[in-house]
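Have a look at the structure below, then the notes.
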Amino acid sequence: MGNVIEAFGLVKRYGEVVALDGLDLAVQEGSVFGLLGPNGAGKTTAVSILATLLIPDSGSARVAGADVLKEPARVRERIGLSGQYAALDEHLTGLENLDMIGRLYRLGRSRSRARARELLEVFDLSEAGSRPVKTYSGGMRRRLDLAGALVASPPVLFLDEPTTGLDPRSRLDLWGVIRELVARGSTLLLTTQYLEEADHLADRIMVIDQGRDIAQGTPDELKTLVGGERIEVTVVSSSDLPRAQEVMQRFAVGELASEVRNRRVTAPISGGAAVLTKALRALDAEGVNLHDVGLRRPTLNDVFLTLTGHAAEPNGTRGTSEDQSSVRGKATS
Amino acid sequence: MMAVVHMFADAAVIAKRNMIKIKRVPEVLVFVLLSPIMFVLLFAYVFGGSISIPGGSYREFLIAGIFAQTVVFGSTFTGVGIADDIQKGIIDRFRSLPMSQAAVLIGRTASDVVYNVLTLLIMALTGLVVGWRIHSSLWEGLVGFGLLLAFAYAFSWTMALVGLLVPSVEVINNASFMVIFPVTFIANTFVPAENLPTVLRTFAEWNPISSLTQAVRELFGNIPPGTPDPTAWPLQNPVIYTLIWAALIIAVFAPLASLRYQKAVKQG
């Protein structure tokens, strides 16, 4: 299978700020490619260029067999784009929004209507379809926006941070929808700030920072790179520390890390919550008093710390406090 | 050929979408319609009593000026609509679709004509209430309204460009006020151009808003008998001069706005 999306040396500057600094990427047909990075890393800029919205300062790209710069109209016939902010008309109903997009894809009056109804059904919006979008919740808007990208069943889809700002439940719902899409054979380029999301959805992940590719691989390869999941145990009294170390050694898949001053043992594990449960039982059986315990999964922050030596700090101005706290919130959950 | 058909089909889809908005947000319409009523009443009763026109009624003289000013102000709507669509990311979506790229602006300017039609209707009714009449024929009266709409349509392309250039919706109202207010006041809209100091008078005589106002006054038969004929060419041939301006504005601003549209991307 060939590459459906290819970009070579994309550069885009906004004044002093370098949004993309020579980005290359290649996405195989029928696969899901995750572009992972913090706010301001250049994800949206990259998607905007590939979706013909933005002209790069240099570099070239091909999408679905057409040159993004030379044949933008042909590219547009073969892509669907769902942006970071649901691009919907608030005053139109869900049905009217999708119908409008269908008409602009030139599906024709009756086909466009039928397709709009079909998509509302798929995205569980049939009932809301006759209400203006301004009455929709954030999750509903995202679903409708995603539906908008699918109106013409395009072979290539770009989803720019499809779940940013959503509550965990809506996020899970949307993941389900996206997985179904992919199962039908679309090629998908997805950007996200959440390693967890890329892990769930993507076949291949590229981590970008300041417009540069800093790591690429399968989700497993990346997680191995940053150390996978681990259990953190903090004991009440430091006299318990040796016993805690001894217990955790049984479950660890690598070397333990101990911080005597913080009375904390960190054990790399594999097996998630099941292993955590067993470890807790074992610690309890040994009579170790726990102050705190947690299953820690690698986050974007860990990836960044490992790959760049600095935390995932946004260098743009787009970061909202909400985005920030959800990244940080994950790190401690 | 097919491209032109597509362009109009797409523009119709966009225009229809904008019209739905008029229906869903009637508040906007209420204000759009209230301000012209307010204008007519204010000018008719505040200025109408203290300014006198030899041989005629200032109120009748005034109405054409208010019509011209109001439809030109109406073009602000075009700019606001476009800036709002950029801000909400809707233009990003349109630009990712295989649609005619000119259609969004054509559909927008076309649907804004509807606002002006409604505005003119309401103002005409208010005008009738305060004593304004068309003294010519129905036919000439309709041509007068047609000319107002044509010039307003052309002018809305300047605001389309402004809407594409400004960073946010809020800026538009101020920006348009800065331009439209002087342009509509340094004209014969509210006072005869002959009364202005030389520099302003020359500007007023060649200002297309003046020719528009003059043309509409003539077509409505609102020029008092015995008024001396204007000396400046634009005011002697107001219909032609206004149409030339309308064509020029479209010829310059429609391509500029279309070019700019190709680069319009939601910022941050």
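Computed from heavy atoms alone, side chains included, the values below leave out hydrogens, waters and symmetry copies. Residue numbers begin at 1 in each chain, while the letters A, B, ... track the order of the sequences.
The residue among Ala9(B), Pro98(B), Ser100(B) with the most heavy atom pairs within less than 4.5 Å of chain A is Pro98(B). If you tally non-hydrogen atom pairs under 4.5 Å between each of His91(A), Glu77(A), Arg106(A) and chain B, the highest count goes to Arg106(A). Of the listed residues (Ala103(B), Ala12(B), Ser96(B)), the one with the most heavy-atom contacts under 4.5 Å to chain A is Ser96(B). Ranking Thr52(A), Asp89(A), Leu92(A), Ile79(A) against chain B, the residue ahead of the rest is Asp89(A), based on heavy-atom pairs under 4.5 Å.
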| query | Hey, mind stepping through Ile14(B) and Leu104(A) against side-chain contact (heavy atoms from CB on, under 4.5 Å) and telling me if it holds? | reply | CA-CA 9 Å; Ile14(B) 300 290; Leu104(A) 294 174; 4.1 Å; yes

| request: Start with the C-alpha gap between Leu88(A) and Ile90(B), add the side-chain angles, then the distance that decides, and say whether side-chain contact (heavy atoms from CB on, under 4.5 Å) holds. | output: CA-CA 6 Å; Leu88(A) 303 161; Ile90(B) 294 174; 6.0 Å; no

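The 12-atom threshold is exceeded at CZ of Arg131(A), counting heavy atoms of other residues, nucleotides or ligands nearer than 6.0 Å. The 12-atom threshold is not exceeded at CD1 of Ile55(A), counting heavy atoms of other residues, nucleotides or ligands nearer than 6.0 Å. The neighbour count for Phe8(B) CZ, taken as heavy atoms of other residues, nucleotides or ligands under 6.0 Å away, does not exceed 12.
Using a 4.5 Å cut-off between heavy atoms, Thr93(A) contacts chain B through both its backbone and its side chain. Neither the backbone nor the side chain of Ala152(A) comes within less than 4.5 Å of any heavy atom of chain B. Within the 4.5 angstrom heavy-atom criterion, only side-chain atoms of Ile20(B), from C-beta onward, approach chain A.
To the nearest 0.5 Å, atom CE of residue Met100(A) and atom CG of residue Leu97(B) are 8.5 Å apart. Atom CZ in Arg103(A) sits 6.5 Å away from atom NZ in Lys16(B) (nearest 0.5 Å).
Contact check on Arg24(B) versus Glu96(A) returns a salt bridge, with a Lys/Arg side-chain nitrogen under 4.0 Å from an Asp/Glu carboxylate oxygen. One finds a salt bridge joining Asp145(A) and Arg93(B) here, because a Lys/Arg side-chain nitrogen approaches an Asp/Glu carboxylate oxygen to under 4.0 Å.
Listed for the Arg95(B) side chain is a donor-acceptor partner under 3.5 Å among the backbone atoms of Leu53(A).
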